Number of protein chains: 2
Amino acid sequence: MEKKITIKDIARELNIHHTTVSRALRGDFRIKEETKSKIVAYAKEKGYRVNQGALNFRNKQSNEIALLVPNISHYTFSNFISRVSDLAQENGFVVSVFQSKENYENEKEILKIIMQNRVAGVIASISNSTIDTSHFRQLIDFGVPLVFFDRVCQDIDTSKVMIDNFKAAFEAVQFFISKGYCRIGHITGPSHINVFSDRHKGYLSALEKSGLDYKLRYEVSKEFEIADGFNAMKKIWSYAEKPDALLCDSFTLSAGVNSFCNQNGIIIPGDVAIIAVANDPFSGLLNPPQTVMEQPIGELATTSFDLLMNAISSKNKSIAEVIYHKARLIKRESV
Amino acid sequence: MEKKITIKDIARELNIHHTTVSRALRGDFRIKEETKSKIVAYAKEKGYRVNQGALNFRNKQSNEIALLVPNISHYTFSNFISRVSDLAQENGFVVSVFQSKENYENEKEILKIIMQNRVAGVIASISNSTIDTSHFRQLIDFGVPLVFFDRVCQDIDTSKVMIDNFKAAFEAVQFFISKGYCRIGHITGPSHINVFSDRHKGYLSALEKSGLDYKLRYEVSKEFEIADGFNAMKKIWSYAEKPDALLCDSFTLSAGVNSFCNQNGIIIPGDVAIIAVANDPFSGLLNPPQTVMEQPIGELATTSFDLLMNAISSKNKSIAEVIYHKARLIKRESV
DNA sequence: CTGTTAGCGCATTCAA
DNA sequence: TTGAATGCGCTAACAG
């Protein structure tokens with residue numbers, strides 16, 4: 001950054017004190033109209049812009065919100081980022097983004113950067129490999145307002161915004177059952193993550209309620225890419241006792257499953273039915289169009305942002321809220 | 001942000017000068033080993049972290065890179081952001097994201113915010129509705145290093161990273177022709193955007209080379225969502241002279257086209273063949289799997305980031321480079 | 001090896 | 001209605 005015009009430059013040029021310039025530029029009502037308009041005109045002419053960094057420094061605050069997600073390019077998260085970005089802009093904040101790539105060490109590193117940058121607050125969804133949560137505790141101890149969304153740290157007392165995962169899975173499985181499926185499997189993630197454990201509980205509960213015996217839990221613990229779903233299905237389809245329905249905990253995973261099926265002549269939903277917990281707009285364009293439990297990401301984003309704003313403005317006296325949004329079954333042709 | 005420990009706090013507590021603390025913490029070799037370790041130990045114990053904002057202020061520089069894209073949640077861009085985010089982290093930068101939503105006024109507003117925030121540099125892809133480019137010129141005049149990618153301002157002298165759009169479209173059309181298609185249409189964007197005009201030139205050139213008469217240019221000037229592609233195809237399929245092949249300038253558009261076809265019994269590629277210029281991993285999962293001209297977004301991101309780093313470090317003496325990457329035809333079943 | 005001084009851009013406090 | 005003084009956290013230049 002080269003030298004840019006400052007209030008002192010303006011003051012010197014106009015033979016007034018920089019304090020006066022500062023006041024005029026912020027529209028202080030005490031400044032004489034004449035002086036004010038002279039200053040404003042000159043500032044505009046010279047292209048003066050307040051230095052936000054200096055302002056933040058001076059005021060010991062920040063206009064930056066950090067967003068930490070497992071993977072920026074996954075639609076669930078890019079959609080979330082998009083929404084938060086809009087809200088942030090409306091509220092005078094800037095959003096910086098970080099991705100853990102499902103890697104715990106990286107997540108820790110990112111939190112260090114975030115603390116160092118003295119952001120106003122953080123909205124985070126934890127990585128699949130995060131078991132120890134002390135780095136988040138450290139963040140809070142450092143005084144940074146934190147809101148978790150979707151994948152949260154259960155043992156940390158801060159605001160959390162989730163979908164009702166138990167119910168989402170429960171209803172998905174009930175739907176399978178209502179359609180006559182009885183060998184229902186669950187492709188999920190590590191059980192130390194709330195999202196996956198809650199859904200699996202919902203899955204088991206629905207099974208139990210209907211007295212179904214067949215159970216299948218397949219855990220993917222990597223990056224949740226299409227290839228991981230593909231490989232999961234490859235493995236599953238080699239089992240002696242194959243499922244006739246599958247609940248998939250992410251769209252990418254289900255897309256991989258779909259891909260394996262299409263490539264190997266496995267008919268959806270004839271051979272195996274599929275429901276994905278997803279909010280990806282392309283789920284409806286798969287072959288066949290996919291039945292999904294739709295995650296209301298827009299609502300998650302709005303709520304998360306609101307809670308963070310509260311936490312930022314009310315500081316110490318803010319109370320940790322835990323909010324659940326409902327997923328919604330969208331019936332298409334994969335069941 | 002509440003009160004956090006500073007080097008002065010440490011200095012006071014240890015009865016030494018804060019300059020010494022500063023030096024010790026940065027590993028200055030002149031500080032006595034004993035003093036240094038005492039300081040480092042104390043700092044660690046108290047959870048001291050350098051205030052990046054103060055540092056930036058002091059050094060008149062920033063560790064923030066701004067990324068401006070039309071839409072964060074579109075895979076092309078979220079993929080780009082993801083890649084740049086990784087590179088930024090490796091290089092000690094933080095990425096803040098902004099989306100124009102294809103809206104010119106919003107884009108202008110964002111550039112103001114970016115200038116105000118004194119970012120180290122900007123990587124941008126312009127909105128479909130951007131005709132006047134003076135706001136970007138203003139950004140450069142303000143001294144902010146700028147690299148354009150994909151959708152660029154032709155008339156601004158700064159580094160640009162693109163795909164060879166003429167060639168991409170040319171080869172796509174040639175492929176259609178080689179497969180016997182002869183009524184080839186082009187669903188594209190506003191012609192004042194390089195991406196679309198270059199592709200349309202490539203399209204026309206390939207047609208001309210083969211002496212094909214049928215021409216169809218359908219312009220989408222909105223947000224490039226799936227619905228826009230859907231509506232485009234609805235319109236196109238009402239024409240008397242229907243195309244037998246379509247080149248689509250984005251994945252979302254082609255997904256909408258695909259959706260309309262599947263809902264209306266239009267066979268792909270029997271009734272109409274499709275190629276999309278895209279890099280979305282789900283293109284291969286559509287029904288039928290989609291033939292695409294794949295945009296090398298990862299390469300675009302890497303190159304853009306490198307050019308920005310050059311521009312940031314070499315300042316005034318940096319030369320604007322214009323770099324093209326090649327798209328690659330991936331043959332699947334929509335042709 | 002360590003301390004002193006100064007200043008980045010700005011807004012606040014106090015004084016006039 | 002305006003000015004003067006101060007300091008946010010940090011580092012560089014200079015002095016010891």
Side-chain angles (χ1 to χ4, degrees), chain A residues 1-40 42-43 46-64 92 115-120 142-143, chain B residues 1-40 42-43 46-64 92 115-120 142-143:
Chain A
M1 254 180 334
E2 62 218 30
K3 172 74 183 157
K4 289 187 180 65
I5 188 171
T6 72
I7 50 172
K8 281 187 189 168
D9 296 329
I10 297 177
R12 195 183 328 104
E13 206 60 38
L14 263 36
N15 268 312
I16 43 182
H17 199 91
H18 68 267
T19 305
T20 307
V21 176
S22 169
R23 286 198 269 249
L25 258 19
R26 280 174 299 146
D28 190 309
F29 61 93
R30 292 170 310 186
I31 305 295
K32 211 200 315 176
E33 213 34 76
E34 185 196 334
T35 318
K36 189 187 289 188
S37 58
K38 190 174 65 179
I39 292 171
V40 170
Y42 186 82
K46 294 295 181 184
Y48 170 80
R49 301 190 186 270
V50 58
N51 182 330
Q52 184 69 47
L55 236 176
N56 290 344
F57 176 57
R58 165 72 234 263
N59 296 334
K60 294 162 160 300
Q61 51 162 27
S62 164
N63 68 327
E64 181 184 348
M115 285 191 275
Q116 183 154 322
N117 277 279
R118 303 291 196 272
V119 302
F142 199 67
Chain B
M1 251 179 339
E2 61 219 30
K3 173 73 184 158
K4 291 191 178 62
I5 188 171
T6 72
I7 50 173
K8 281 186 186 169
D9 296 330
I10 298 177
R12 195 182 331 104
E13 207 60 37
L14 263 38
N15 268 310
I16 43 182
H17 200 92
H18 69 268
T19 307
T20 306
V21 176
S22 168
R23 286 197 271 248
L25 258 18
R26 281 175 297 145
D28 191 309
F29 59 93
R30 292 170 309 185
I31 307 295
K32 210 201 310 174
E33 214 30 79
E34 187 197 334
T35 318
K36 188 186 291 187
S37 57
K38 190 174 61 178
I39 292 171
V40 169
Y42 186 83
K46 294 294 181 185
Y48 171 81
R49 303 194 185 266
V50 58
N51 181 331
Q52 185 70 47
L55 235 174
N56 290 344
F57 176 58
R58 166 73 231 267
N59 297 334
K60 293 161 158 301
Q61 51 162 31
S62 164
N63 68 327
E64 181 183 349
M115 285 191 276
Q116 183 154 320
N117 277 280
R118 304 289 196 275
V119 303
F142 198 67

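The structure displayed is predicted, hence computed values, not measured ones. The chains referred to below are lettered A, B, ... by the order of the sequence lines, with proteins before strands, and numbering in each begins at 1.
In the helix from C:dC1-D:dG16 to C:dA16-D:dT1, the rotation axis of the first five pairs and that of the last five pairs differ in direction by 50°, rounded to 10 degrees.
Going from atom NE2 of A:H17 over to atom P of D:dT1 covers 18 Å, rounded to whole Å. In this structure, B:D9 places its CG atom 10 Å from P of D:dC8, rounding to the nearest Å.
Comparing B:T19 and B:F57 against DNA chain D, the residue whose closest nucleotide sits nearer the 5' end is B:F57. Between B:N15 and A:R49, the residue anchored nearer the 5' end of DNA chain C, judged by the nucleotide with its closest heavy atom, is B:N15.
A heavy atom lying under 4.0 Å from DNA chain C marks the following residues of residues 20-28 of chain A, by number: A:S22, A:R23, A:R26. DNA chain C is contacted by no residue of residues 29-36 of chain A, taking any non-hydrogen atom closer than 4.0 Å.
Taking a heavy-atom distance under 4.0 Å as the criterion, the stretch of DNA chain C touched by chain B extends 5' to 3' from C:dC1 to C:dG9.
A:R58 is linked by a side chain to side chain contact (heavy atoms under 4.5 Å, CB included) to nothing, counting only residues two or more places apart in sequence or in another chain. Shown here are the side chain to side chain contact (heavy atoms under 4.5 Å, CB included) partners of B:K38, two or more places apart in sequence or in another chain: B:L14.
Contact annotation: A:K60 side-chain N/O to D:dG9 OP1/OP2 distance is under 4.0 Å.
B:F57 has its side chain out of reach of A:N56: every pair of non-hydrogen atoms, C-beta onward, lies at least 4.5 Å apart.
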